[in-house]
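In listed order, ligands and their atoms are each counted from 1. Atoms considered below: every heavy atom in the structure, side chains included; atoms not considered: hydrogens, waters and symmetry mates.
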Amino acid sequence: MKRLLGLFAVAAVIFGLDSTSINLEKFPDDFIFGTASSAYQTEGAWNADGKGENIWDHFVHKFPEKIADGRNGDITCDSYHKYKKDVVLLKKLGVNFYRFSLSWTRILPTGFPHRINQAGIDYYNNLINELLANGIEPIVTIYHWDLPLELQKLGGITNSLFADWFEDFSRVVFENFGDRVKFWLTINEPRLICVFGHSTGVFAPGIQSGGIGEYLCNYNVIKAHARSYHLYHKSFRPTQKGRIGLVIDCQWYEPATNSTEDIEAAERKLQFDCGFYGHPVFSKKGDYPQVVKDFVAERSEIEGFPSTRLVLFTQQEIEYIRGTSDFVALNHYTTYYAANDKTITPFTEHPSSAKDSRVHIWQDEDWPSGIFPEFRTVPWGFRKLLKWLKDNYDDPDIYVTENGFSDDNKNLHDRGRVNYTTLYLSALLDAIYKDGVKVKGYAAWSFLDYFEWASGYTIGFGLHQVNFTDPNRPRLPKDSVKTYTSIIKNRKLTPID
Ligand code: BGC
């Protein structure tokens, strides 16, 4: 028996089943390391120097009860005023790049390009220049959820003109920053924009329209992304010579059993979450995944809709959208088990993508988690997801644009984050060296503790802690800073004890 267990342990290490077996190979020479943030979560200065109001400003002020601690991002880390100090910290970390987003209303206060706010342009110019002067590449997300309020009054993302508005904003930013920014991300996580913003309504703009507004949002947001890509590709790439792509968020869904139903359910859940946005852009075929089209159509019929609730792409749109990303930008945090949900939820007036997909998901409570209970540490799921992206999207270059661990903002000894980062990077190395996945970069989410959307300041993802009660917002490195700095410097992981 003892011998058998010993053999199992050896096999576990060989096959990477043991979560503490760390891949000690070097990161490839062209692999880049960075960290990431977003404008609303870190900048503060919500109404400074001509900035217009956006949907998050409005949401947190009007509905403080929707935020766990009733607080807001008015000041948050105050990076708007402290960007130089931030760049000093980034430099100390040794990162190759810093991913940040642009506040649309800091640049265009009404959302439209008739009036450009020079102070906003200046702020981003200063930040970009400071990064470059310190040898750090800016990776810029054009849109990370802070839509101009004036556009929201007109229906926001669900207005059929949204793609025009986003293209106009994109043009302004390419014109102003594209001489120095060579790596663009159009839109961060369309899924969360549509699910949390337009289905459950827990995020701004707080619309509760599952399976209807949510799908209109899916359709418009993907079209808007494609417009920005084509604009860059046609009018700016020839001279600016940068790259541009879409950020999707995908978690891994592991079949709960070996049954065909559960294997199909896990794949279906992946297609509903990841493929809904990824497939139209990254797959050879384009369009929504067939299984999504079939399941939404079936459920729509049960509910008495005359046709599918999906807003379908025309053939022309499918071709226009397909291939509009130079790489896959992936945000990933955790893994779930998935099983086929046999019960067809009875008719209610409230459709949703969850009801459409008919998959039951849960997590193993023994998987370690931080303060966000759902963000559990499951590195093997990350490796499987990377392989899935390779297989489904024609072996693309993949940049992990977000990956991180949550704590309670109070402790500098963030053991959970040190372990998480090491184990996930080890899984990433396995994906590169054992599965042949072309993973080219990694951004630790996040650079600083900040305003975490509906969770306010109750949760921190930062490598650095920020004291939000001190007007100077001092930043203090957590233990994970040491770990990450050493990984970047040695281009290699250190075993964890
Ligand atoms: C978002 C971030 C957020 C993080 C952690 C991602 O979905 O892009 O803005 O802070 O998850 O919840």
Checklist entry - Going by distance only, is there an N or O of W145 that falls short of 3.5 Å from an N or O of ligand 1? => result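 No; the residue has no nitrogen or oxygen that sits under 3.5 Å from a nitrogen or oxygen of the ligand.
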Checklist entry - Quick check: does S38 get an N/O under 3.5 Å from an N/O on ligand 1? => result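 No - when backbone and side-chain N and O of S38 are compared with those of ligand 1, no distance drops under 3.5 Å.
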Per-atom contacts, ligand 1 versus [X] - under 4.0 Å to a heavy atom:
X: Y450; result: 10 (O)
X: L192; result: 7 (O)
X: F461; result: 5 (C), 12 (O)
X: N188; result: 8 (O)

Checklist entry - Which residue owns the protein heavy atom closest to atom 4 (C) of ligand 1, what's the atom, and how far is it? => result Y333 OH, 3.4 Å
Checklist entry - Please state which protein non-hydrogen atom is closest to atom 12 (O) of ligand 1 and give its distance, to 0.1 Å? => result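 In this structure, atom 12 (O) of ligand 1 has E452 OE2, 2.6 Å as its nearest protein heavy atom.
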Checklist entry - For N188 and T141, does a side-chain donor sit closer than 3.5 Å to a side-chain acceptor? => result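 There is no such pair between these side chains.
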Next on the checklist: Under a 3.5 Å threshold, yes or no: a donor from one side chain and an acceptor from the other, between H61 and D74?
Outcome noted: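 Result is yes, a qualifying pair exists.
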Item to check | Under 3.5 Å donor-acceptor, Y288 side chain and V311 backbone | outcome: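 Indeed, once roles are kept as given, a pair shorter than 3.5 Å links the two residues.
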Item to check | D249 contact mode with ligand 1 (heavy-atom cut-off under 4.0 Å) | outcome: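 For D249, no heavy atom sits under 4.0 Å from ligand 1.
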Next on the checklist: Can you tell me which residue among W184, F177, F174 is in a ring-ring contact (aromatic ring centres under 6.0 Å, His included) with F236?
Outcome noted: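 It is F174, the one option of W184, F177, F174 that forms the ring-ring contact (aromatic ring centres under 6.0 Å, His included) with F236.
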Next on the checklist: Below 30° counts as parallel, above 60° as perpendicular, anything between as tilted: where do the rings of F461 and Y450 land?
Outcome noted: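 Ring orientation, 0 to 90° scale: parallel.
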Checklist entry - Going by the angle between their ring planes, with limits at 30° and 60°, are W453 and Y40 parallel, tilted or perpendicular? => result parallel
Item to check | ring-ring contact (aromatic ring centres under 6.0 Å, His included) assessment of F27 paired with F33 | outcome: CA-CA 10 Å; F27 285 89; F33 291 95; 4.9 Å; yes
Item to check | Pick from H144, E374, E189: the one approaching atom 7 (O) of ligand 1 most closely through a non-hydrogen atom | outcome: E189
Checklist entry - Relative to atom 8 (O) of ligand 1, which among E402, R191, Q41 owns the nearest non-hydrogen atom? => result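 Selected option, by shortest heavy-atom distance: E402.
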Next on the checklist: Tell me whether the count of non-hydrogen atoms from other residues, nucleotides or ligands lying under 6.0 Å of CD in E365 goes above 12.
Outcome noted: no
